[in-house]
Amino acid sequence: IVEKDRFQTLGDLRKQWTESGVETSRATVYRRVQEMGHRCRISQVKPLLNQKQRQKRLTWATEKQHWTVAQWSKREMPKCLKSSVKYPQSVMVWGAMSAAVNAASYQEILEHFMLPYAEKLYGDEDFIFQHDLAPAHSAKTTGKWFTDHGITVLNWPANSPDLNPIENLWDIVKRKLRDARPNTLDELKAAIEASWASITPQQCHRLIASMPRRIEAVISAKGFPTKY
């Protein structure tokens, strides 16, 4: 039974054994599974990737295989975080990244927030902007906006949060929010700002420096999801 389906829980196994006439406890099932050389683990949840998406990830990773950490450091990584308190109050956050909006409002955000930030950070230097394949990001009008502003956009494979280190920063923010336990919208906003401000440049650098390893992991996994 275990060999046939590795995703079954101890409860599932016990139920099947009971139905076949074998009365046993959960602890006994656990011991028997251990004796067979298996270890009980909670499986990681990863995006479902079809063959075409895996091939695109593999092609993308192969193209970026020789990018240096310095090249990855000049990549803007947008992502939005939607957090909520116990009651139906929520706040959308721009962390020099993006927000879940339509194409028109997304371009307004880019115009009024991203451009001034990029100019302050890079001056006249070129940089590469990265966003995922959300409808607002992949719209033709958005593509024209980037072309009109002379900004290079990094091509991006679908269902690939493991290739975007900004996900790790949002995880840090979320964990800190759980500790803060905000009860009102103002407390939520304050907690988000405090959590984001606590992220150090060293943490960001370590995440950016992980990009070559992420690329190698995708190539080794032949486009399948990685541990990141």
Side-chain angles (χ1 to χ4, degrees), residues 44 46-47 49 51-81 93-99 106-107 109-111 113-134 136-138 142-175 195-228:
Q44 288 187 318
K46 296 289 184 178
L49 296 168
Q51 185 176 357
K52 185 177 180 181
Q53 290 171 333
R54 295 197 301 271
Q55 185 57 52
K56 285 186 176 181
R57 278 167 54 89
L58 181 58
T59 300
W60 185 89
T62 302
E63 292 172 350
K64 308 297 184 295
Q65 189 173 11
H66 301 296
W67 275 32
T68 65
V69 173
Q71 286 174 289
W72 286 112
S73 296
K74 285 192 175 182
R75 182 173 69 101
E76 288 295 311
M77 306 172 190
K79 190 69 177 180
C80 67
L81 167 68
V93 179
W94 169 272
M97 309 300 172
S98 167
Y106 179 55
Q107 291 158 36
I109 291 173
L110 294 173
E111 187 82 39
F113 292 93
M114 189 277 286
L115 278 184
Y117 171 80
E119 184 176 349
K120 180 180 179 181
L121 189 62
Y122 300 115
D124 295 329
E125 294 184 46
D126 292 332
F127 65 92
I128 299 175
F129 189 85
Q130 181 267 315
H131 54 188
D132 57 27
L133 300 181
H137 302 172
S138 56
T142 300
K144 184 178 184 301
W145 185 93
F146 281 105
T147 300
D148 293 344
H149 287 79
I151 298 174
T152 301
V153 178
L154 182 69
N155 64 311
W156 193 252
N159 292 338
S160 299
D162 55 341
L163 293 175
N164 196 347
I166 193 66
E167 299 285 356
N168 301 90
L169 292 189
W170 288 133
D171 184 60
I172 292 173
V173 172
K174 289 175 182 177
R175 282 189 275 113
S195 299
W196 185 263
S198 71
I199 297 173
T200 66
Q202 291 77 16
Q203 286 175 297
C204 296
H205 180 73
R206 283 196 297 271
L207 290 174
I208 293 172
S210 73
M211 284 306 301
R213 298 194 298 275
R214 294 172 191 248
I215 295 298
E216 289 297 330
V218 171
I219 294 174
S220 297
K222 296 185 176 2
F224 279 93
T226 67
K227 67 177 182 178
Y228 292 97

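Just so you know, residue 1 is the first one in the sequence shown, and it goes up from there.
To the nearest 0.5 Å, atoms CZ (Phe127) and CD (Glu119) are separated by 10.0 Å. Separating the CD atom in Gln53 from the CZ atom in Phe224 is a distance of 11.5 Å, to the nearest 0.5 Å. If you take OG on Ser195 and CZ on Arg175, they are separated by 10.5 Å, rounding to the nearest 0.5 Å. One finds the CD atom of Glu63 at 10.0 Å from the CD1 atom of Ile215 (value rounded to the nearest 0.5 Å).
Side-chain contact check for Lys64 and Asn155: at least one donor-acceptor pair (N or O, by modelled atom type) lies under 3.5 Å.
The shortest non-hydrogen separation linking Gln65 to Glu216 is NE2-OE2, 3.2 Å. Taking every heavy atom of both residues into account, Ala61 and Val218 meet most closely at CB-CG1, 3.7 Å.
Within the 4.5 Å cutoff, the side chain of Leu154 has heavy atoms near those of the Trp60 side chain. Residues Asn164 and Asp132 are not in side-chain contact: their nearest non-hydrogen atoms beyond the backbone lie 4.5 Å or more apart. Between Trp196 and Ile172, the closest side-chain pair of non-hydrogen atoms is not below 4.5 Å.
Of the possible donor and acceptor atoms, none in the side chain of Arg57 sits under 3.5 Å from a partner among the backbone N and O of Pro157. Between the side chain of Asn159 and the main chain of Leu49, no donor-acceptor pair closer than 3.5 Å is present.
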Only pairs under 3.5 Å count here: list side-chain donor-acceptor contacts from residues 203-213, not counting sequence neighbours, and write none if there are none.
from   : atom 1 : to     : atom 2 : distance (Å)
Gln203 : OE1    : Thr200 : N      : 2.9
Gln203 : OE1    : Thr200 : OG1    : 3.4
Ser210 : OG     : Leu207 : O      : 2.5
Ser210 : OG     : Arg214 : NE     : 2.8
Ser210 : OG     : Arg214 : NH2    : 3.3

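When the side chain to side chain contact (heavy atoms under 4.5 Å, CB included) test is applied to Phe146, the partners found at least two apart in sequence or on another chain are Leu110, Met114, Phe129, His131, Thr142, Ile151, Val153. With sequence neighbours excluded, no residue forms a side chain to side chain contact (heavy atoms under 4.5 Å, CB included) with Lys120.
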One pair to check against side chain to side chain contact (heavy atoms under 4.5 Å, CB included): Glu111 and Trp145. What are the steps and the verdict? CA-CA 9 Å; Glu111 187 82 39; Trp145 185 93; 2.9 Å; yes
